[in-house]
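Throughout, protein chains are lettered first and strands after them, A, B, ... in sequence-line order, and every chain is numbered starting at 1. Just so you know, these numbers come straight off a predicted model, no measurement behind them.
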Amino acid sequence: MLDKKIINYILEELHGGQSDLEILPEDDLLGSGLVESMGMMRLIQFVEEDNGIKIPPQDMTIENFMTVAAMVDYIERTKNNG
Amino acid sequence: MIYLLPHTITLSAHRFPDREAFRFGKNSLTYREMDKRMNQLAGTLHSLKIKKGDRVGIYLNRSIETAIAIFGIMQAGAVYVPIDPKAPVERSQFLIEDCDIEILITQPVQKRKITQIISDKNNIRAIIGLPEMGEIQALSWEVVFAASAEFTLPFRILEIDLAYIIYTSGSTGKPKGIMHSHYSGLAYARLTTELYNITEKDRIGNHAPIHFDISTMGYFTSPYAGACTVIVSDAQTIFPASLGKLMEDEALTIWYSVPLALIQVVQNGVLENKNLPHLRWVLYGGEPFPPKYLRTLMTQWSNTRFCNVYGPAEVNQCTYYHLPGLPENDEPIPIGAVWNNTDYLVVDESENSVVPGTTGELLIRSATQMLGYWRNPELTEKSLYKVTDSTGQERAFYKTGDLVKEEAGLLHFLGRKDFQVKIRGYRVELGEVEARLITHAAVREAAVYSVRASDESQKIMAAVILNKEVAVSEDELLQYLKEKLPLYAVPEELKILTNFPRTSSGKIKRGALEFFKLEEK
C-alpha cells in the first residue's frame, strides 16, 4: 500500500524509527510539526524516486502534500495521466 | 494616547472596528474581535495571578493565536517570549528556565512537545491552549474565549517597560535574550508606518515566525496603522507555489521576509503570469539578496517598489535602501541610509570615527534600540559604545559587529566583523567571497566560512547549492573565483551540497557548515 510506504518513510527516515509516533493518512503533516521543510523536500524526492514520477514545482502545493492521503491521491492521478 | 503596544489594538478597534486585523487561512479577526480576544486573554492571565513584568512563553506555530497571545500578554502587563516549537527541546527548556517562565500559551498540536519540555528544572505551572495537561493547570482556548472581555490593568506600565524578549544565538553558544520595551516597539511601528506610508488599506504578508524580529512589522506596524496582517502558514512557507498563490489571492500590498522565501518563488517559476497589481512594497532583510534573483523579481513585479532593510535584532531596523531601479550589476545592494530618530557612527578598531569611504564597524543609537540583554549586564555593557556629550549626558551606541563603508551618503554592508579572517596576513571578507561565488550562473546559494587548521592558521572554505539545470564541477567554480579574487581569498575547498544548515528563519548557519558536510553524502 502506497500510504503505508510513505508513512513508513516518515517514521523511519525522518524520525529515526521513534516508536511512540503514530501517523494517520489524514494527519496534517506540516501543521502538526511531523514533517518540517527539509523533511518535506526529502519526502518529495522519495515519492518521485519510488513512483518513477517527476513532480513539477507548480504541483508542489499544500493541497497535494499536506497529508499522506493527499499525496497518494496526487501520485495516482499523476500516474494515470502519464 | 498610545504609549503601550496593546493600545494600538484598542485604538484601531475604535477607528476601524470591522476591518480585518489578522488573517490566517480561513480564520480572521476584525479589530473589534481582536480587542475582545486580547482582553479575554489578559483577564485569564490575571486569574492565574500573573504579576507585573512576568514572562509568558508563546509556544505556537504560525497561527492566528500568535496575535492573540502577543497582545493578550502585553495587555496583562506581562512580557511575551516567543519559543520556536521547531527548536530542540533543550533549547526551549533553556529559554523557559532563563526567563523563569511559569505560563505557556500554545495549541493542542503542540501537546506532545510540551510534555517533553516540562521538567523538574522548570517552573511551568499553567498552560493556556490545551484542555488538559496532567497535574499542571490547563485552560483551553474555549475557556479563554468564554472569559469576560472587561479588563482593567490593576497596576501601571510605562512605555519604557519591558514588552518582549526575543532570543538569538549567542557566539558563546548560549542563546541571549534581547529585551525590547513598548517604546522601542512603538518607535519601530511609527517609523515603518511613515517610511512605507502604511494605512488601514494595506494588507501585509507576514512570513517570519514570531521569534524573528521581521515579524514586528506584521504584529506592531500593522495594528498601529489599522492595516491587516496576513499570517503565512508554516505549510505555505514550504511550498513556493502555495506562497505565490497566497500573495495573489490575498491581494497583499506589502511583503516583508528574508530573501530566501522570494528566491524560492523565483526559482520555481511559480510567479509566471502573476503580476500582483496590488503589491506596493517588497521589503527584505536578514541577509543580502543576490542581485541576479532580485533582478528577475523586479522585472516580474515592475510596479512594486523594493526596499533593502537592515538592522540587527538589538535595534530592530535602522537603515533602508529603496532600490532606484533594476540592479545594473552583481555588486551587493547598499543597506542605504539610517532612518529617522536614529544616530550612527562608523569606527575603526580603536573605536575612532573613520572618514567616509573607509571600512569600519557600524554603531547605532536609535529609538528602536533594545533595553539590553536579559539578565546579562556584562554582555549589555560590552555591546555598547558610550560617549558623553557636552551636556554631560551619556549616549550609548549599540555595536552592531557589522562592517560598513559609507559612499555618497549610502552605507554598504561588507560583512560581519567576526566574519573577517586573516589569511597569511591578508584580511579577507568572507562576505565578499560569497558575493562573488553567487554571481556564477550555476550557483543558487553560496556560503563561505572559515575553519581553523591544526596549525592554528585559518582556512577559507565554501559550500554551494547549484541550480538544477546547470552542471558544474567544484574545480570549475574555484577556477571562476581565481579569476575574480586575489589568490589568498580563494577558498581552499569548495563543496557542492544539496542543503545548508539553517536557522528557523531561513538564514544559513555558516558556523555549522564545517560539521554539516560530514552528514552530506
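- Put simply, OG on A:S37 and NZ on B:K86 are 7.5 Å apart, with the number rounded to the nearest 0.5 Å.
- Annotation: the span from B:K245 atom NZ to A:E63 atom CD amounts to 6.0 Å, rounded to 0.5 Å.
- Interface remark: A:M40 contributes side-chain atoms only to the contact with chain B (heavy atom separation under 4.5 Å).
- Taken to the nearest 0.5 Å, the CZ atom of A:R42 stands 9.0 Å off from the CG atom of B:N499.
- Scanning all heavy atoms of the two residues, the minimum distance from A:T61 to B:A241 falls at CG2-CB, 3.8 Å.
- The shortest distance between side-chain heavy atoms of A:M41 and B:I238 falls below 4.5 Å.
- Residue contact with chain A, scored on non-hydrogen atoms closer than 4.5 Å, is absent for B:Q267.
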Quick one, A:N64 with B:F239, criterion side-chain contact (heavy atoms from CB on, under 4.5 Å). Give me CA distance, side-chain angles, the key distance, then yes/no.
CA-CA 10 Å; A:N64 292 339; B:F239 299 111; over 6 Å; no
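- Heavy-atom distances place no part of A:L29 under 4.5 Å from chain B, backbone and side chain included.
- Contacts of B:R112 with chain A are made by side-chain atoms alone, with heavy-atom separations under 4.5 Å and no backbone atom involved.
- Distance check, rounded to the nearest 0.5 Å: CG of B:D234 to CD1 of A:I62 gives 10.0 Å.
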